[in-house]
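Below you'll find the structure, written out as structure tokens, and then a few comments.
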Amino acid sequence: MKSIKTLLLASLCTIAMSCSSDDDGTTASPNDGPNADIETNIEGTYTITRLDLDNVASEQDFQGFTFQFTANGTVIGENDLFSETGSWNYSTTSTNDTLNEFLFLDFNQQDPFTDLERNWVLTERIDNEITLSDTTSTNVDRLTFTIQ
């Protein structure tokens, strides 16, 4: 009987030690999702596929431009004739359990980039697009960057 108890105890110990947890120690939060890692995922080369300023389509002002976002907060807008270096910064605020995300763009007041300089609200991040909006004027301005 003693050997059966020993065998049973050894079996239980072996089973318990061979089980592993699928928990990797991380917990999903309500803010996880496509925008949760924009600060590190924004790196890349984009074009402007939509720019509405005061309800007027203005993306043609940036036709032929690419925008290179780097990890160090630099953004370079350039075409075949012109290049301008600016900066970008991602930030968040939380109001009533709602996460608000912002992408600030600054190009040192250089035309035509002054239209892009502001603290944009990050509206959507899907696959290869970042959609931003600004409601500080009487109209909603929208900006969409599409990755190349």
Side-chain angles (χ1 to χ4, degrees), residues 9-148:
L9 184 60
S11 297
L12 286 174
C13 287
T14 303
I15 291 171
M17 292 174 63
S18 65
C19 292
S20 69
S21 171
D22 289 339
D23 187 6
D24 63 1
T26 60
T27 304
S29 74
N31 300 330
D32 287 346
N35 297 327
D37 57 356
I38 188 165
E39 189 167 14
T40 56
N41 271 348
I42 195 171
E43 293 177 60
T45 303
Y46 295 80
T47 57
I48 291 177
T49 53
R50 179 180 182 183
L51 178 60
D52 295 338
L53 301 172
D54 295 324
N55 293 330
V56 176
S58 303
E59 59 270 3
Q60 72 278 356
D61 294 344
F62 294 95
Q63 188 173 8
F65 276 91
T66 59
F67 293 83
Q68 176 70 41
F69 287 84
T70 64
N72 68 359
T74 300
V75 58
I76 301 168
E78 62 185 350
N79 63 13
D80 292 336
L81 303 173
F82 182 76
S83 178
E84 181 63 34
T85 300
S87 61
W88 67 272
N89 183 46
Y90 170 79
S91 63
T92 62
T93 62
S94 185
T95 309
N96 299 327
D97 295 328
T98 300
L99 181 68
N100 301 302
E101 298 176 287
F102 301 94
L103 185 66
F104 178 75
L105 295 174
D106 181 24
F107 285 97
N108 300 313
Q109 300 293 315
Q110 294 296 316
D111 285 331
F113 299 100
T114 53
D115 288 334
L116 305 179
E117 292 184 331
R118 60 185 85 184
N119 201 23
W120 294 92
V121 175
L122 178 64
T123 310
E124 187 174 39
R125 169 81 190 248
I126 54 169
D127 297 329
N128 62 344
E129 288 185 346
I130 299 171
T131 302
L132 310 165
S133 64
D134 179 28
T135 57
T136 56
S137 65
T138 56
N139 299 302
V140 176
D141 294 341
R142 297 191 196 291
L143 171 60
T144 300
F145 284 106
T146 303
I147 200 160
Q148 288 189 313

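Note that the structure is a prediction, hence the values are computed from the model and not measured. Heavy-atom basis, side chains included; hydrogens, waters and symmetry copies ignored.
- Residue Leu51 comes nearest to Glu59 through the heavy atom pair N-OE1, 3.1 Å, listed as atom of the first residue, atom of the second, then distance.
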Using residues 61-70 as the side-chain source, report each donor-acceptor pair under 3.5 Å to any protein atom, sequence neighbours left out, with the distance given to one decimal.
residue	atom	partner	partner atom	Å
Gln68	OE1	Thr45	OG1	2.2
Thr70	OG1	Asn72	OD1	2.5
Thr70	OG1	Thr74	N	3.3
Thr70	OG1	Thr74	O	3.1

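- The structure places OG1 of Thr146 at 11.0 Å from CZ of Arg50, a figure rounded to the nearest 0.5 Å.
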For residues 76-87, which side-chain N or O atoms pair as donor and acceptor with protein atoms under 3.5 Å away, sequence neighbours left out?
residue	atom	partner	partner atom	Å
Asn79	OD1	Leu81	N	2.9
Asn79	OD1	Phe82	N	2.7

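- Contact check for Glu117 versus Gln109: side-chain heavy atoms found under the 4.5 Å cut-off.
- Heavy atoms only, all atoms of each residue included: Ile130 and Tyr46 are closest at CD1-OH, 3.7 Å.
- Atom CD in Glu101 sits 9.5 Å away from atom OG1 in Thr93 (nearest 0.5 Å).
- The CG atom of Leu105 sits 6.5 Å away from atom CG of Leu116, with the distance rounded to the nearest 0.5 Å.
- The heavy-atom pair separating Thr123 from Leu132 by the smallest distance is OG1-C, 3.8 Å.
- Of all non-hydrogen atoms in Asp141 and Trp120, the two that sit nearest each other are O-CZ3, 3.7 Å.
- Put simply, the side chain of Thr47 reaches to within 4.5 Å of the side chain of Gln148, judged on heavy atoms.
- To the nearest 0.5 Å, the span separating OG1 on Thr131 from CD1 on Ile126 amounts to 6.5 Å.
- In this structure, Asp134 CG and Asn139 CG are separated by 10.5 Å, a value rounded to the nearest 0.5 Å.
- Minimum heavy-atom separation, Ala57 to Asp52: CA-OD1, 3.6 Å.
- Thr92 and Tyr90 make their closest contact through CG2-OH, 3.2 Å (heavy atoms, listed as atom of the first residue, atom of the second, distance).
- In this structure, the side chains of Phe102 and Leu122 stay at 4.5 Å or more apart for every pair of heavy atoms.
- When side chains are defined from C-beta on, Val121 does not count as touching Asn100, because their heavy atoms never get closer than 4.5 Å.
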